[in-house]
Amino acid sequence: MEQPSISGKVRVRFAPSPTGQVHVGNARTALFNWLFARQQGGTFILRIEDTDLDRSEARYETQLIEDLKWLGLDWDEGPDVGGPYPPYRQSDKWQVYQDYAERLVSEGKAYRCFCTQEELERQREEALQQHLQPNYPGTCRNLAPEEVERRRAAGEPCAIRLKIPERPIRFHDMVRGWVEFSNEVVSDLIIIRSTGVPVYNYVVVIDDAEMKITHVIRGDDHLSNTPKQVALYEALGWEVPEFAHLSTILGPDKERLSKRHGATSLANFRDMGVLPEALMNYMALLGWAPTGGDREIFSPIELVEEFDLTRVTPSSAVFDFEKLYWLNRHYIKVGVPERIAEIAEPFCLRALGIDKPTSDVRTWLAHVTAALASSVNKLDELPERAASIFHFDPAAAIAAPENAEVLNTTSARAVVYIFVAKILAESEPISADRFKSLIKEVQKETKIKGPALFHPIRILLTGAQSGPEFDKLVPLMEEGSRLELPKPILSVKQRVVAFEALQS
RNA sequence: GGCGCUAUCGUCUAGGGGUUAGGACGUGAGAUUCUCAAUCUUAAAACCCGGGUUCGAUUCCCGGUAGCGCUACCA
């Protein structure tokens, strides 16, 4: 059997329900839709699936749009931008669902069902006990029209069910090939509840068809429901779209990725200081690889060019935070410094307790970021990396046993003695080069070099035995010390003075 | 229970009837550095099991197993 021809221009949609934050799994679905649309020169549509009114909230919709935009996606039609096939929010079109359902009933393709939920539940359990597929037995399938009218007139509540044809249902999936379901496992499904509220599986079909969706790209949790939807397309006499069911994203324990595993929503990643292009690159690599499979770095534009839906893996994938961080590091390094600084700024401001930074403070933080960001996985680690600059507590430094051990050697005393004298004789600010030559002088005068020389000085200046290079640290300390901050940054000299005060 | 989907290093994957089964993350070792991180070099590491088909299967087919999903008047 041939693959059905794709008629007309590509139109795809991402149809989330606005229930909280955008999960990475959904974000990846959105991304694949977007990539496919952009590369095919098609249309990408955002549609809000809010049939589940209990769980939907308007503010979630706003956040959802914000998060998707943050990732770098844009759409041609949606609740915020409009489009030729409104509405882009399901709650706005209940009447349409009623009308199509009535049409199916009048054409004999659907029927009214008076079975009560208790009855159905009983039948279901019986079938399960006999190890049978718990199908609807078809009780109301062939009721006489007069009886239907009589019972309706009597006020008996009824739902509307679709008649599933007596033949297997098959459809094409771009990532899995042809999928076939025997009709024995698909039974007549309710499309309108007795309350009048339409059911999801029915609503998607109407929406997708009305919006002329050509490719339904979604999570594989919808795969088993697809035959029902195909039956609906056929009953309505509509062309069945092409499908692409994307695999699930799992946590390290192979369970569906969830909050239990840590960060899972776009907002979480943004708040961790993960760059959107890193996340996008990583998500694209989850289930997709270019021919050859030996390239990992793809900018959004490159993804649009290289991405191929038919090459997407059908098997589920474990989300690997380490690999995401590796990509993030890469994008932090190659990113425009001004932009990286801007994204990093809030993390530093929070750590320093600054509400309204002056432009001098912002410039200084940009320098801090430029110097240190390349060694950080995510930008929220920056304050920690800059701890030797941001915080200075000589008393605690001296008290720490591992530091005392270093400081209490004769060579360390000699180094500290000379070093302190030299710094105190300096006029401020001390440049990185000047600092370097001072260390050289200390080395010459004490004949001490290597760790024995640097370690005591590092402890004296930062309170720690490890951290960024002095070349980077010194200018940042000097610049920071000229700023007015809630908790001042100390210059090299001020640090030495504070240290000396404790020694005497 | 039934049905469906899936199965290559720890992880993401490339590949495909005959290959030294390739790349990346991570891990180990080394280099560099005052130190940490970063960086560079390098090593270890995989075709789920059983039957077929075939001269030859990791690759194709069937079965098993396992994981996941669906099985609603949930979405």
Side-chain angles (χ1 to χ4, degrees), chain A residues 15-17 19 49-52 54-56 90 113 115-117 120-121 124 127-136 157-161 173 175-176 179-182 184-187 189-201 203-204 219-228 245 247-248 250 252 254-256 282 285-297 311 313-327 329 333 372-377 381 384-385 388 439 449-459 462 464-470:
Chain A
S17 36
T19 53
E49 212 127 288
D50 59 352
T51 353
D52 186 357
D54 296 343
R55 286 199 277 172
S56 302
Q90 285 174 333
C113 173
C115 298
T116 63
Q117 288 187 50
L120 293 168
E121 186 51 37
R124 196 184 126 80
L128 237 31
Q129 256 165 22
Q130 292 170 42
H131 298 190
L132 293 170
Q133 180 81 22
N135 283 342
Y136 176 64
C158 64
I160 298 179
R161 271 185 200 274
D173 188 293
V175 342
R176 284 154 220 272
V179 183
E180 183 171 301
F181 285 78
S182 144
E184 284 142 35
V185 303
V186 190
S187 67
L189 67 143
I190 286 182
I191 57 175
I192 305 274
R193 297 181 178 91
S194 51
T195 54
V197 180
V199 154
Y200 170 80
N201 276 314
V203 164
V204 239
D220 69 355
D221 46 334
H222 292 276
L223 190 61
S224 298
N225 281 324
T226 307
K228 297 176 186 172
H245 287 97
S247 66
T248 318
L250 310 175
K254 309 277 170 113
E255 300 264 349
R256 227 194 163 94
Y282 180 70
L285 255 25
L286 269 188
W288 173 81
T291 341
D294 53 358
R295 214 180 132 199
E296 313 283 333
I297 308 285
R311 282 182 62 85
T313 337
S315 54
S316 45
V318 173
F319 194 94
D320 182 1
F321 287 89
E322 291 303 326
K323 186 154 185 178
L324 168 64
Y325 296 156
W326 170 73
L327 279 165
R329 231 152 47 211
K333 278 176 201 150
L372 305 180
S374 65
S375 60
V376 116
N377 281 332
E381 293 168 10
E384 196 190 321
R385 186 72 189 151
S388 8
I439 297 236
K449 57 179 180 177
L453 169 68
F454 282 89
H455 260 146
I457 293 176
R458 178 173 287 281
I459 292 170
T462 72
Q465 295 194 34
S466 65
E469 303 89 318
F470 287 129

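Model, not experiment: these values are computed from the prediction. Just so you know, these numbers use all the heavy atoms, side chains as well, and skip hydrogens, waters and symmetry mates. Here is how names work: the chains are called A, B, and so on, in the same order as the sequence lines, proteins then strands, and each is numbered from 1.
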At less than 3.5 Å, do the side-chain atoms of [X] and the base atoms of [N] form a donor-acceptor pair?
{"X": "A:S194", "N": "B:C73", "answer": "yes"}
{"X": "A:R385", "N": "B:C36", "answer": "yes"}
{"X": "A:T248", "N": "B:G69", "answer": "no"}
{"X": "A:R176", "N": "B:C5", "answer": "no"}

Between [N] and [M], how far apart are the two [atom1] atoms, rounded to whole Å?
{"N": "B:A14", "M": "B:C48", "atom1": "P", "answer": "14 Å"}
{"N": "B:C12", "M": "B:A46", "atom1": "C1'", "answer": "13 Å"}
{"N": "B:A21", "M": "B:C47", "atom1": "P", "answer": "11 Å"}
{"N": "B:U20", "M": "B:G28", "atom1": "P", "answer": "31 Å"}
{"N": "B:A37", "M": "B:A44", "atom1": "C1'", "answer": "25 Å"}
{"N": "B:C5", "M": "B:C9", "atom1": "C1'", "answer": "24 Å"}
{"N": "B:G52", "M": "B:G69", "atom1": "P", "answer": "35 Å"}
{"N": "B:G1", "M": "B:A57", "atom1": "P", "answer": "35 Å"}

Protein and nucleotides 44-47 of chain B: nitrogen or oxygen contacts under 3.5 angstrom:
none

G-U wobble or Watson-Crick pairing nucleotide for [N] (cut-off 3.5 Å, both distances):
{"N": "B:U42", "value": "B:G28"}
{"N": "B:C70", "value": "B:G2"}
{"N": "B:C47", "value": "none"}

When you compare the side chain of A:V203 with that of A:E49, does any pair of heavy atoms fall below 4.5 Å?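 No - every pair of side-chain heavy atoms lies 4.5 Å or more apart.
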Just wondering, do A:L327 and A:Y325 contact through their side chains at under 4.5 Å, heavy atoms?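 Side-chain contact under 4.5 Å: no.
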Compare side-chain N and O positions of A:R124 against OP1 and OP2 of B:C73 and report whether any pair is under 4.0 Å apart. no
Which nucleotide in the list [options] gets nearest to the side chain of [X]?
{"X": "A:R458", "options": "B:U6, B:U35, B:G69", "value": "B:U35"}
{"X": "A:A289", "options": "B:U13, B:A24, B:A75", "value": "B:U13"}
{"X": "A:H455", "options": "B:A7, B:U35, B:C3", "value": "B:U35"}
{"X": "A:P451", "options": "B:C34, B:G1, B:A75", "value": "B:C34"}
{"X": "A:R311", "options": "B:G69, B:G15, B:G2", "value": "B:G15"}
{"X": "A:L223", "options": "B:U13, B:G23, B:G4", "value": "B:G4"}
{"X": "A:P134", "options": "B:C36, B:C5, B:G1", "value": "B:G1"}
{"X": "A:E469", "options": "B:U6, B:C3, B:C36", "value": "B:C36"}
{"X": "A:K333", "options": "B:C3, B:A38, B:C12", "value": "B:A38"}
{"X": "A:Q117", "options": "B:C73, B:C34, B:U6", "value": "B:C73"}

B:G4 base stacked by A:H245? Criteria: ring centres under 5.5 Å, plane angle under 30°. no
Indicate, with a heavy-atom threshold strictly under 4.0 Å, whether [X] touches base, sugar-phosphate, or nothing.
{"X": "A:C113", "result": "nothing"}
{"X": "A:L286", "result": "sugar-phosphate"}
{"X": "A:F319", "result": "nothing"}
{"X": "A:K449", "result": "nothing"}
{"X": "A:N135", "result": "nothing"}
{"X": "A:L120", "result": "base"}
{"X": "A:G219", "result": "nothing"}
{"X": "A:D221", "result": "sugar-phosphate"}

Given RNA chain B, 5'-ward residue of the pair A:G450 and A:E180, judged by closest heavy atom: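 Nearest nucleotide further toward 5': that of A:E180.
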Taking the nucleotide of RNA chain B with the closest heavy atom to each, which residue, A:W288 or A:C115, is nearer the 5' end?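 The residue whose closest nucleotide sits nearer the 5' end is A:W288.
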On a heavy-atom basis, which atom in [X] and which in [Y] lie closest, and how many Å separate them?
{"X": "A:K333", "Y": "A:S374", "value": "CE-O, 3.2 Å"}
{"X": "A:S315", "Y": "A:S247", "value": "O-OG, 3.0 Å"}
{"X": "A:Y282", "Y": "A:D320", "value": "OH-N, 2.6 Å"}

Would you kindly say whether A:T248 and A:D220 are connected by a side-chain donor-acceptor distance under 3.5 Å?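 Yes, A:D220 and A:T248 have a side-chain donor paired with an acceptor closer than 3.5 Å.
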Within 6.0 angstrom of A:E121 CD, more than 12 heavy atoms from elsewhere: yes
Tell me if a side-chain donor or acceptor on [X] pairs with a main-chain N or O of [Y] at a distance below 3.5 Å.
{"X": "A:R176", "Y": "A:H245", "result": "yes"}
{"X": "A:R329", "Y": "A:V376", "result": "no"}
{"X": "A:T226", "Y": "A:L223", "result": "yes"}

Shorter than 3.5 Å, N or O on both sides, protein versus nucleotides 25-29 of chain B: list them out with atom names.
residue: B:C25; atom: OP1; partner: A:W326; partner atom: NE1; Å: 3.4
residue: B:C25; atom: O2'; partner: A:K323; partner atom: N; Å: 3.1
residue: B:G26; atom: OP1; partner: A:R329; partner atom: NH2; Å: 3.3

How are the rings of A:F470 and A:F454 set relative to one another: parallel (under 30°), tilted (30 to 60°) or perpendicular (over 60°)?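 It falls in the parallel class, under 30°.
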How would you list, by chain and number, every residue that makes a side-chain hydrogen bond (donor to acceptor under 3.5 Å, both in side chains) with A:N201, sequence neighbours excluded?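 Once residues adjacent in sequence are excluded, the partners of A:N201 under the side-chain hydrogen bond (donor to acceptor under 3.5 Å, both in side chains) criterion are A:Q229.
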